[in-house]
Amino acid sequence: MVRAGLEPAVTAATIDAVTVFEERSLRRHDGPSEDFVERLVGRNILAAVRRGKFLWLPLSGSPARSGSPAILGSPAFSGSLEISGSGEALVVHLGMSGQVLLRDVAQADDALLRIRLDITSPAHGPLRVDFVDQRIFGSMAIDRLLPTPDGHAAGFGADAALIPSQVAHIARDPLDPAFSDRRFFDALAKRRTGIKRALLDQNLISGIGNIYADESLWAARVHYDQPTATLSRARARALLAEVRLVLGRALAEGGTSFDAQYVNVNGASGYFSNSLSAYGQQGKNCPRCGRLIIRESFMNRGSHFCPFCQRIRAS
DNA sequence: CGTTGGCCCTGATCGC
DNA sequence: TGCGATCAGGGCCAAC
C-alpha cells in the first residue's frame, strides 16, 4: 500500500528541500522546525518501513555542515558521523487523517498540505513527498534508531533490526512474520479489560483502528466488551485470523500503484466503499442474520455490532 | 504497573 | 443564507 508505493520512489533519493507549512505537524519532533529542515536537507533516504500506523524513512549520515572542516576531518568525528548517520529516521505518524502523497512537481498543492519534501529520485527524477493531514493528529519527526529487542527486522520493508525510539513501544503488526501469536494470546488471558480495548491497544497489537476492530469482531462473532480473560483460546485464535483477513483485504484494496503519481496512505478508503459489514452500518441489516446493526458509544468512539451474532459469552 | 478517561484537532454535516 | 453544535478517532498522558 502506502509504504510499498513509496518505496521505489524514495529509496536512494536525496532530500533537496523541506518546507514546513504547519508547525503543529512537528509536535513530536524534538526541536524547532528550522532544526527539522536543516537536518533533512542533503541526506539520502535509505528505505521505507512501516509498523502499524507508523511509517519511517531511515536516513543516510548527516550532510557535511559548513563551518567546522577541521573537526569534520578528525577520525573521531567521522566515526561518530557513521554511527549517528546510520541511526536516524524521518518518522511519519499518520494519526487518523494523515496522508503521504507522492507527487509530481507540477501538481497543484493540496489545501491541507502541512509538510513538503522535495526529493530527487535516481529512478524517477524530481518528486515531492507531501504530508497532508486535516486534523493535525499526525506528525513528522526526526528520531534516532534503536535495536529491536527481539533482533528481528523492525517492520515491513526493513532489512535492519532498527526501530525509531518513538515507535519502540508499538507492538508488531499481526501480518508481520515476527508477530508472536502465543504471546498475544497469553497477554489476552492476563488482561482485565474488554477485547476491543485490547485490539486497539498498540502496545499489544498494532495496525488495528476502530473500523478494522469492529469488522474483525463482527466476522468472529465476538462482542466488543467481552472480557479478554474469558475469551477462549479457540475464539481468540479465530478472532486473530479474522483480524488478519481484514487487514490483508484492506492492504490489497487500499493499494495504489506508483504510476498513478498518487499514494494514498489512508488504506481504508478503498476498503470502505463496498465491503463493510458492521462499521457505520447502524440501522442496516446484519449481512449474516438480517437483524439490525447497532452503534454504542465506547472509548470516545463508536462501536458497531450485531447484538444477536455478537453477545458476551460466559467463557 | 495495569487500567481508564479525557484530550488534542478541524472539515464536513446537520438542524434551525 | 448563516451559524453554532455535533461528529469523527489514534495515540498519549495524567490519574486512579
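Residue numbers begin at 1 in each chain, while the letters A, B, ... track the order of the sequences.
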A:R311 to A:F308, cation-pi by 6.0 Å centre distance and 45° axis angle: yes
A:F137 CZ to C:dG9 P, in whole Å, measures 11 Å
Pair up each side-chain donor or acceptor in residues 287-296 of chain A with any protein partner under 3.5 Å, not counting sequence neighbours, and list the distances.
from   : atom 1 : to     : atom 2 : distance (Å)
A:R288 : NH1    : A:W218 : O      : 3.1
A:R288 : NH2    : A:W218 : O      : 2.9
A:E296 : OE1    : A:Y224 : OH     : 2.4

Computed from five pairs at either end and rounded to 10 degrees, the angle between the axes of the helix from B:dG2-C:dC16 to B:dC16-C:dG2 is 40°
Hits for side-chain contact (heavy atoms from CB on, under 4.5 Å) against A:T14, two or more places apart or cross-chain, chain-then-number order -> A:D16, A:N44
List, with names and distances, any nitrogen or oxygen atoms from the protein found under 3.5 Å away from nitrogen or oxygen atoms belonging to nucleotides 12-16 of chain C.
from   : atom 1 : to     : atom 2 : distance (Å)
C:dC12 : OP1    : A:R28  : NH1    : 2.7
C:dC12 : OP1    : A:R28  : NH2    : 2.8
C:dC12 : OP2    : A:H169 : NE2    : 2.9

Show every donor-acceptor pair shorter than 3.5 Å between a side-chain atom in residues 232-240 of chain A and any protein atom, with sequence neighbours excluded, or say none if there are none.
from   : atom 1 : to     : atom 2 : distance (Å)
A:S232 : OG     : A:R235 : N      : 3.1
A:R233 : NH2    : A:D186 : OD1    : 3.2
A:R235 : NH2    : A:R221 : O      : 3.3

Here the salt bridge (Lys or Arg N to Asp or Glu O under 4.0 Å) pairs for residues 132-158 of chain A, sequence neighbours left out, are A:D150-A:R172
Whole-Å distance, A:F298 CZ to C:dC7 P, equals 18 Å
Whichever of A:Q282 and A:M299 has the more 5' nearest nucleotide on DNA chain C, that residue is A:Q282
For this session: Report yes if some heavy atom in the side chain of A:D109 is under 4.5 Å from a heavy atom in the side chain of A:R128; otherwise report no.
Result: yes
Taken to the nearest whole Å, CD/A:E215 to C1'/C:dG9 is 16 Å
Its 5'-most and 3'-most nucleotides having an atom under 4.0 Å from a non-hydrogen atom of chain A, DNA chain B is contacted over B:dT3 to B:dG11
Worksheet item: Is the backbone of A:R191 close enough, under 3.5 Å, to the side chain of A:T228 for a donor and an acceptor to pair up by distance?
Response: yes
Residue pairs passing the salt bridge (Lys or Arg N to Asp or Glu O under 4.0 Å) test with at least one member in residues 20-37 of chain A, sequence neighbours excluded, are A:E22-A:R24, A:D35-A:R39
So, with a heavy-atom separation below 4.0 Å from DNA chain B, the residues of residues 185-206 of chain A are A:R191, A:R192, A:T193, A:R197
For A:E7, the side chain to side chain donor-acceptor pair (under 3.5 Å) test, sequence neighbours excluded, returns A:R3
Sorted by position of nearest nucleotide on DNA chain B, 5' first, the leading residue of A:R301 and A:I136 is A:R301
Whether A:N300 contacts C:dG9 is assessed here as follows: a side-chain N or O lying under 4.0 Å from the phosphate OP1 or OP2. Is that the case? no
Separation of C:dG9 atom P from A:D133 atom CG, nearest Å, is 16 Å
The side-chain contact (heavy atoms from CB on, under 4.5 Å) partner of A:I115 among A:T19, A:L90, A:V37, A:L26 is A:L26
Applying side-chain contact (heavy atoms from CB on, under 4.5 Å) to A:N203 and not counting sequence neighbours gives A:H169, A:D201
Residues passing the side-chain contact (heavy atoms from CB on, under 4.5 Å) test with A:A47, sequence neighbours excluded, are A:V49, A:P58
Run the salt-bridge test on A:R103 and A:D130 with the 4.0 Å N-O cut-off and return the result as yes or no. no
If only side-chain N and O atoms of A:Y279 are considered, is one of them under 4.0 Å from the OP1 or OP2 phosphate oxygen of C:dA8? no
_At 4.0 Å (heavy atoms only), tell me whether A:G302 reaches a base, stays on the sugar-phosphate, or touches nothing._
sugar-phosphate
Atom CG of A:L94 and atom C1' of C:dG11 are separated, to the nearest Å, by 12 Å
Taken to the nearest whole Å, CD/A:E296 to P/C:dA8 is 14 Å
Hey, what's the ring geometry for A:F36 with A:H29, parallel, tilted or perpendicular (30° and 60° as the breaks)? perpendicular
